[in-house]
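Right, one structure below, let's go through it.
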Amino acid sequence: MARLDTDDGLRRVLVVDDDADWREFLRLSLEELGYDTMEAADGQEALDSLRRGERFEVMLLDLNMPGMSGLEVVEKLERLPRGPHPRVVFLTSAAAQDVGMALLAGPHYYLPKGASRDQLSLLLQSLGE
């Protein structure tokens with residue numbers, strides 16, 4: 001099974017979602033798949049982690065959150081001085097066609113809320129080199 005690799009051997013994923021139950025499901029699934037995972041309850045918390053120098057290969061980012069949307073997080077992420085920035089996978093319960101604008105905003109990916117652990121694994125494998 002291909003996995004995301006970094007120079008220090010860790011595979012780090014940041015899960016950003018205001019739904020605590022979904023965040024926990026993703027964290028547990030990722031840990032079972034061998035990924036080091038950190039959670040953020042909103043966009044500001046995620047950006048703060050990145051500003052502190054935390055490094056992640058992938059950010060699973062809720063598209064529709066109260067306060068700061070996933071698109072707003074991506075806009076602010078691109079302005080952060082530190083890099084490299086994580087690859088963004090948008091999480092949403094919206095239909096794929098409704099996610100089109102977000103996907104056109106950059107090289108981002110999409111995972112529907114309610115996806116299975118196997119779907120998550122396949123997505124992460126596809127992001128691995």
Side-chain angles (χ1 to χ4, degrees):
M1 176 186 295
R3 298 224 174 121
L4 299 171
D5 292 318
T6 61
D7 293 341
D8 59 6
L10 289 176
R11 295 166 304 274
R12 300 197 70 214
V13 179
L14 176 59
V15 178
V16 186
D17 201 301
D18 58 313
D19 181 336
D21 292 335
W22 177 238
R23 225 175 35 242
E24 180 180 25
F25 167 78
L26 289 171
R27 180 183 53 79
L28 293 173
S29 295
L30 288 162
E31 288 173 355
E32 288 174 8
L33 292 167
Y35 294 91
D36 180 29
T37 307
M38 184 172 164
E39 296 180 42
D42 59 38
Q44 189 59 57
E45 190 177 331
L47 290 170
D48 289 345
S49 294
L50 293 166
R51 280 189 188 102
R52 285 192 303 269
E54 295 277 350
R55 295 291 259 270
F56 302 94
E57 286 70 48
V58 174
M59 177 170 31
L60 301 178
L61 177 62
D62 187 2
L63 189 56
N64 299 307
M65 292 182 287
M68 187 184 310
S69 73
L71 277 178
E72 291 171 307
V73 171
V74 168
E75 289 171 6
K76 292 177 186 285
L77 173 69
E78 293 168 355
R79 289 185 247 147
L80 289 179
R82 294 185 182 194
H85 300 302
R87 285 177 270 185
V88 175
V89 176
F90 285 118
L91 303 169
T92 184
S93 54
Q97 61 268 24
D98 297 330
V99 182
M101 290 299 289
L103 296 176
L104 291 174
H108 309 300
Y109 306 87
Y110 162 73
L111 185 71
K113 283 195 174 185
S116 69
R117 184 181 145 221
D118 288 341
Q119 289 170 310
L120 175 62
S121 177
L122 285 172
L123 174 69
L124 293 172
Q125 286 178 46
S126 74
L127 296 176
E129 298 297 324

L26 CG to L33 CG distance, which is reported to the nearest 0.5 Å: 10.5 Å

R52: side chain to side chain donor-acceptor pair (under 3.5 Å) partners, not counting sequence neighbours: S49

Residues V73 and G43: closest non-hydrogen pair is CG2-CA, 3.4 Å

Can you give me the closest heavy-atom contact between V13 and Y35, atom names plus distance? CG2-CD2, 4.0 Å

Closest approach of A40 and A46, non-hydrogen atoms and distance? CB-N, 3.7 Å

With no hydrogens and no angle check, is any side-chain donor or acceptor of R12 less than 3.5 Å from a backbone partner on R55? yes

Which pairs pass salt bridge (Lys or Arg N to Asp or Glu O under 4.0 Å) with one or both residues in residues 64-75, sequence neighbours excluded? none

About how many Å separate OG1 of T37 and CD of E24, when rounded to the nearest 0.5 Å? 12.0 Å

Residues passing the salt bridge (charged side-chain N to carboxylate O under 4.0 Å, His left out) test with E45, sequence neighbours excluded, are none

Residues that S29 engages under side chain to side chain donor-acceptor pair (under 3.5 Å), provided they are two or more places apart: none

Heavy-atom closest pair (A115 atom, W22 atom, distance to 0.1 Å) is N-CH2, 3.6 Å

side-chain contact (heavy atoms from CB on, under 4.5 Å) evaluation trace for Q44 with M68: CA-CA 7 Å; Q44 189 59 57; M68 187 184 310; 3.4 Å; yes

So how far is it from L120 CG to L60 CG, rounded to the nearest 0.5 Å? 6.5 Å

Could you point out which residue of M59, E54, R27 forms a side chain to side chain contact (heavy atoms under 4.5 Å, CB included) with M38? E54

Pairs involving residues 110-122, ordered by first then second residue, that meet salt bridge (Lys or Arg N to Asp or Glu O under 4.0 Å) (sequence neighbours left out): D17-K113, E32-R117, D62-K113

Heavy-atom closest pair, residues G70 and L61: O-CD2, 3.4 Å

Could you go through the side-chain contact (heavy atoms from CB on, under 4.5 Å) check for Q119 and L123 one step at a time? CA-CA 6 Å; Q119 289 170 310; L123 174 69; over 6 Å; no

How would you list, by chain and number, every residue that makes a side chain to side chain donor-acceptor pair (under 3.5 Å) with R23, sequence neighbours excluded? E39

A side-chain contact here means heavy atoms from C-beta on lying under 4.5 Å apart; do V88 and Y109 qualify? no

Would you call L127 and V58 a side-chain contact if the rule is heavy atoms closer than 4.5 Å? yes

Spacing of CG belonging to L50 relative to CG belonging to L80, to within rounding of 0.5 Å: 6.0 Å

What's the verdict on side-chain contact (heavy atoms from CB on, under 4.5 Å) for V16 and L14, showing C-alpha distance, side-chain angles and the deciding distance? CA-CA 6 Å; V16 186; L14 176 59; 3.7 Å; yes

Just so I know, are the side chains of L91 and Y110 near enough to count as touching, which here means a heavy-atom distance under 4.5 Å? no

